[in-house]
Amino acid sequence: MRHWKPAKDYLEHAAEALRQGQLVGMPTETVYGLAGNAHSAEVVASIFSAKGRPTFDPLIVHALDTEAAFAMAAEVPEAARQLAERFWPGPLTLVLPRKPDMPDLLSAGLSTMALRVPAHPVARQLLATCGLPLAAPSANRFGHISPTCAEHVIEELGDVERIAGVLDAGPCTLGVESTVVGFPEPGRIVVYRLGGLPLEELREMVDGVEWVEVRDAEDDPELAKRGEQSPGMLARHYAPGKPLHLLSADAMPPSAEEPTGWLLYDHGQRDRFSHLSGPVEILSPGGNLNEAATRLFACMRSLDAANIRRIVAWRVPDEGLGRAINDRLSRAAISTDGLG
Ligand code: TXA
Ligand code: MG
């Protein structure tokens, strides 16, 4: 995999690789994606195999603008139009009925597909230069920690031949994946994944609808019928190689019977737990949830690489981006609220 540092012609190289059916590591404002031509079933299949991703977990297709995105949908409900108008380009993914000419595998055989117009300037330039809609899941091996800089993409997927290179645009500014919502029936909006656009902001935009958050990894025919299950929302995901234990925000640290790395929220917590031994990462010294989101995956990676046996983390305040952070932490964890 080439490591493309910003240069005059680097977008041209990446766009040409995409037109030839290769894959490219693409920076977005949320996380780095592994991008390929969404029109080609063969390319889409190669994305699943590069990540080792099960084919029941559908991908997100990225487009340059709302018009190009909606052109891939069979139908666009009014609420989706309102949300797109307000939040695109940005960290929001809309699940809409798909047109039959898009590859089945893209949406794991579902009748819907996920669409997003990213805000990151390099993602936008790449979409404009290659002229293709780009299927792009996060550029990590399936189930692992998502990449928030080009080096992470190389760490995760550096040995995959099909990937021509990664466009280095520095660290992502948001740090958690997009919020995913769908419209299975009038008057109801389903949240398939908490993410970089806080629900509080979304809710303000659409009146008179019921918001439903999906439940995880349940195989309930009633929920499935109402479109309230997300095929990709697995209980364990975003996971480091070392066991991560997640504690409630006010829990005291456990005794360090084995070498432990600590993932703290802010300086206040650090002061209260001054006796911790072993490596410590602080998500946001000043207690800012946006900063914490930006640093979450990099901090998890750094503790995972440290000479320890386990990671202990605490939940962050459950509001705004904190909800997405707690969601990622609980999926990364092998235990929550105890060390059982
Ligand atoms: O921020 C992001 O969304 C990043 C960047 C690269 O854009 N992409 C990303 O893709 O996170 P991925 O593949 O890691 O996550 C896609 C999510 C999964 O949770 C998947 O289940 C959900 O979107 N999804 C995709 N299509 C869906 C559909 N038709 N119905 C319900 N959920 C869907
Ligand atoms: Mg992912």
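Note that the numbering runs from 1 along the sequence shown for the chain. Every number for a ligand or one of its atoms is a count from 1 in the order of the listing.
Below 4.0 Å from some heavy atom of Gly33 lie the following atoms of ligand 1, by number and element: 6 (C). Atoms of ligand 1 lying under 4.0 Å from any heavy atom of Ala114, numbered from 1 in the order shown and given with element: 25 (C), 26 (N). Near Ser138, meaning under 4.0 Å from one of its heavy atoms, ligand 1 places the atoms 8 (N), 9 (C), 10 (O), 12 (P), 14 (O).
Under a 4.0 Å N-O distance rule, the pair Asp159/Arg141 qualifies as a salt bridge. A salt bridge between Glu200 and Arg323 is absent, with no side-chain N of the basic residue lying under 4.0 Å from a carboxylate O of the acidic one. Taking the charged nitrogens against the carboxylate oxygens, Asp327 and Arg331 do have a contact shorter than 4.0 Å, which makes a salt bridge.
Looking at Arg53, Arg116, Arg98, Met113, it is Arg53 that brings a heavy atom closest to atom 13 (O) of ligand 1. The closest non-hydrogen atom to atom 20 (C) of ligand 1, taken over Leu59, Asp57, Thr30, comes from Asp57. Within the set Ala139, Ala135, Ser178, the minimum heavy-atom distance to atom 3 (O) of ligand 1 is found for Ser178. Checking Ile60, Val61, Thr179 against atom 16 (C) of ligand 1, the nearest heavy atom belongs to Ile60.
Between Tyr238 and Asn140, the closest side-chain pair of non-hydrogen atoms is not below 4.5 Å.
Residue Thr28 has no nitrogen or oxygen atom sitting less than 3.5 Å from a nitrogen or oxygen atom of ligand 1, judged on distance alone.
Screening residues 73-90 for side-chain hydrogen bond (donor to acceptor under 3.5 Å, both in side chains) gives no qualifying pairs among residues at least two apart or on separate chains.
Within the 4.0 Å heavy-atom cutoff, Ala136 counts among the residues contacting ligand 1. His62 counts as a contact of ligand 1, since one of its heavy atoms falls under 4.0 Å from the ligand.
Pairing each heavy atom of Ala136 with each of His62, the nearest pair is O-CE1, 3.2 Å. Here the closest non-hydrogen pair linking Ala150 and Asp168 is CB-CG, 3.5 Å.
Contacts of Tyr10 classified as ring pair (Phe, Tyr, Trp, His ring centres under 6.0 Å), with partners at least two apart in sequence or in another chain: none. Applying the ring pair (Phe, Tyr, Trp, His ring centres under 6.0 Å) rule to Trp262 yields no partners; only residues at least two apart in sequence or on another chain are considered.
With waters neither drawn nor counted, the protein N/O/S atoms under 2.8 Å from the Mg ion (ligand 2) amount to 1.
Under a 3.5 Å cut-off, the side chain of Thr179 and the backbone N or O of Leu197 do form a donor-acceptor pair. Remark: side-chain polar atoms of Arg310 are not paired, donor with acceptor, to backbone N or O of His245 under 3.5 angstrom.
Both the backbone and the side chain of Glu177 come within 4.0 Å of ligand 1, counting heavy atoms alone.
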